[in-house]
Amino acid sequence: MAGTTDTTETPSTTAGVTGTASGEVLLRVRDLEVTFTTEQGPVVAARNVSFDVLAGQTVAIVGESGSGKTTVATAVLGLLPGNGRVTAGSVEISGRDVVGLSRAELQRMRGRVLGLVPQDPMTNLNPVATVGSQVVETLEGTGVARGRGAKERARDLLVEVGLSDAESRMGSYPHEFSGGMRQRALIAMGLAGSPALLVADEPTSALDVTVQRVILDKLADLTTSRGTSVLLITHDLGLAAERASHLLVMYRGELVEHGSAREILRDPQHEYTKRLLAAAPSLASRRIQIARSTGQLDAVADDLLAPTEVTEVGEVGEAVGTEAAPVIRASHLRKVFPGARRGLRRRPDVVAVDDVSFDLPRGQTLGIVGESGSGKSTVARMVLDLLPPTSGSVELDGLTVGARSQAEEVAFRRRVQPIFQDPYSSLDPLFTIARTIEEPLRAHGVGSVTQRRARVRELLEQVALPEDVLRRYPSELSGGQRQRVAIARALALNPDVVVCDEAVSALDVVVQAQILHLLAELQSQLDLSYLFISHDLAVVRQIADQVVVMEKGAVVEQGRTDDVFDAPQQPYTQALLAAIPGANLDLAIS
Amino acid sequence: MTAVLPPSPEPDEASGSGLAQPPVLAERGSDGDRSRTGGLFRRGGRGGRGDRAKDDAGASVWRLAFRRLRRNPVAIIGAVIVAIFLVVAIAAPWLAPYAGDATPGRDLIRPTAIPGPSAEFPLGLDRFGGDVLSKLIWGARASLIIGVASTLIGLVGGLLLGLLAGSFGGWVDSGVMRLVDLMLAVPSLLLAVSIAAVAGQRPFAVILAIGVVQIPIFARLLRGSMLAQKGQDYVLAARSLGLSRGTVTMSHVLPNSLGPVIVQATLVLATAVIEAAALSFLGLGGGRPTTAEWGRMLTQAQNELAIAPQLAIYPGLCISITALGFTLLGESMREALDPRSRKG
């Protein structure tokens, strides 16, 4: 227990007073219940939700998808979709109940009292209007300023949110902005009317980690200096704990736990919070960090999924590793996509991957991390032989991949299998689960019908799915179950190498942790080698033995995961590592 | 996205997490010792025996769509209209009191007066003394034949071209799509008139004309749909299994691309009924003046509009209602297959 004792907070039904909070209750939610009318009848998306947000306070609602966190936020904003209704309870803003206010009355409050920073910067700006005009529109709509004044104010706002060159950026269209710039513009719009409460719904989930950190810092600066309260919605407990003084944990529509961030991290009460705490990769990564610095590695055995043996065994393993031939060797991989034609002109070629080399030792996990556009998925496709490299080669046990006979191709496919990111698109929606898992066996003519059926059942057991999913279709399964099916399909042919392309990125943290554990377990049972592609350093920290850091198509740094994470050599790697939320959190390891 | 969705009604990670039933939560240990617990397989075993009962709830994309369709009153109205139309068209020989081109009331016709409804002829007579009710019933049959046959031509032609373009890509795609663009560039009715002009004034010409006009629409639809499916990860997964391009296309890409095509086919049936009427209104349908066809009945009614407006109203109503039925059914199928497309 590395906890500090200087806290004066006491668990109570209201949020503790922290930071610049003046102690005045700005938002008071009591017994809120929200019901949606769906095809399957009424669904209660949130019930019995009560909490307060004090003036100037940042409160985070944490939960997985479907937990009702966004429902609560939209109910507070009066922006519930047409089929949703507040069926009980109250939402008071500065003492005024907003449930049941008319559209016009709510309209008057939005922008000036309530602000929103939406989730997806890609779709929340109007693509046919300039960014400047959209900020001006917000300013005029909230009545803050008009005409020339609004224009100047908009420019000031864009400067404030950190858009360099705001003057000329005013006239740009959203598609000319990067994701981070768009999110800055959206923050500017959210703050335009100087609202008392800003609701930020997963404001950085769609952004790269390094950008995420900068944006959140900016948001914190701006709201602190203005004394704006923030209701932060996020699925990442580490991020929430780092950014908010007070946490609300939601699970299946109910508020299962709330309290100060520090208290929840140190002493979670509800079973689900404990689970979340154990599962969040950012926290696990932080725990590993703490454990390594204090030498208590045994304590984090559950977080550390890579079966890296500590020091003395590691030395031996390393020696052996350099001797034994790697199962996959990529040498000087380069992929150039020809530039798209635009009229008569051709755009310049895009170098997606430039001189990437790595070895994947047998039975180990090689993580490839990088932000979007770093070329990591292109590397995955080349290793899978779904995309021919422009130059360089991939070798599987010393044999060059690609440009082979039919027989060799079949043999290669048996040995290298993929697991993709999106469990919603990686299974054929018209195939039953049984047929999906059996397909590789049938395609390669393995066994008789009964043998194949037995194998499918065995696979199902390996990925811990109940037998009754066999006759079901993907649409009836949850994301985690689908990903298990995808794993079963990948394992059907007893491959040596599995390429996991963001295999857990689309899953909720708890499910993500389960799938990671499953992968680790299968690895030790079946002696699998993983090429693990991810944008999430915290996940890679947990599962990979070796890591390759990529930026803009090139390798920035590579080496043993422990070495790279403990002592990153390159500024880019350092920036990436610093961007993992929760780096300064005090966590208990036990 | 998450902002507007209520919690998913899907079964929630029932197998792995134990979170589906909060009470189970406490007895589970950490994630590490989760996957091989007895509880899991007990549950699996129960599922094995119980899955026959559950099977009714289990559903493919198609069955789910059908279930949504059944709950949609608009779909029901459309389906009822279409069903009545089908029954009437198929059972015409038994339902209609007279043959389609018979003129049983020949002797009752006067130059200045066409008899209205009577006991013998419930909807009255036309200029030639034909029974209007019988002609409407036989007209349904003619519309059905033309509609189905022309839609089939459009569908088969469009599927072939779309499949070619969608599965090969590259210059095959470019070639096929330019051909399709060329076909689209000609106004549909004009193309139909020219085909009828070349092929002669026969019912077959009308069918061919209406069908050919639909080919580019089906081709583009299927190609677009296939391109979208080809980008999905399950197609990549199938390719990494070592399946040939043809197998991947036929067993994964094509079946998943057919949804919009089927919807379009239903909508085209509506258009075909209207266009068939339009072409025979223009006199391109061939046959004798007494042949029972809704479009031809409209043409003939023009001359008698002053003394017998009902002769225009009946076939007009039949055309509109039938087209409406197919359109309602098609639109609700579109909604059922892609619930996101629903407005509001």
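Here is how names work: the chains are called A, B, and so on, in the same order as the sequence lines, proteins then strands, and each is numbered from 1.
- In this structure the side chain of A:Arg381 reaches within 4.5 angstrom of the side chain of B:Leu236, judged on heavy atoms.
- Between the CG atom of A:Leu427 and the NE2 atom of B:His252 there is a distance of 10.5 Å, given to the nearest 0.5 Å.
- Remark: A:Arg489 CZ to B:Tyr234 OH distance equals 11.0 Å, nearest 0.5 Å.
- For chain A, the nearby part of B:Arg71 is the side chain; its heavy atoms alone come within less than 4.5 Å.
- To the nearest 0.5 Å, atom CG of residue B:Leu243 and atom NE2 of residue A:His444 are 7.0 Å apart.
- The structure places CG of B:Asp233 at 12.5 Å from CG of A:Asp428, a figure rounded to the nearest 0.5 Å.
- Summarising the local packing, CZ of A:Arg415 is surrounded by more than 12 heavy atoms from other residues, nucleotides or ligands at distances under 6.0 Å.
- For the atom pair CG (A:Leu493) and OG (B:Ser240), the distance works out to 11.0 Å, reported to the nearest 0.5 Å.
- If you run side chain to side chain contact (heavy atoms under 4.5 Å, CB included) between B:Leu241 and each of A:Gln417, A:Arg413, A:Arg414, A:Arg442, only A:Gln417 comes through.
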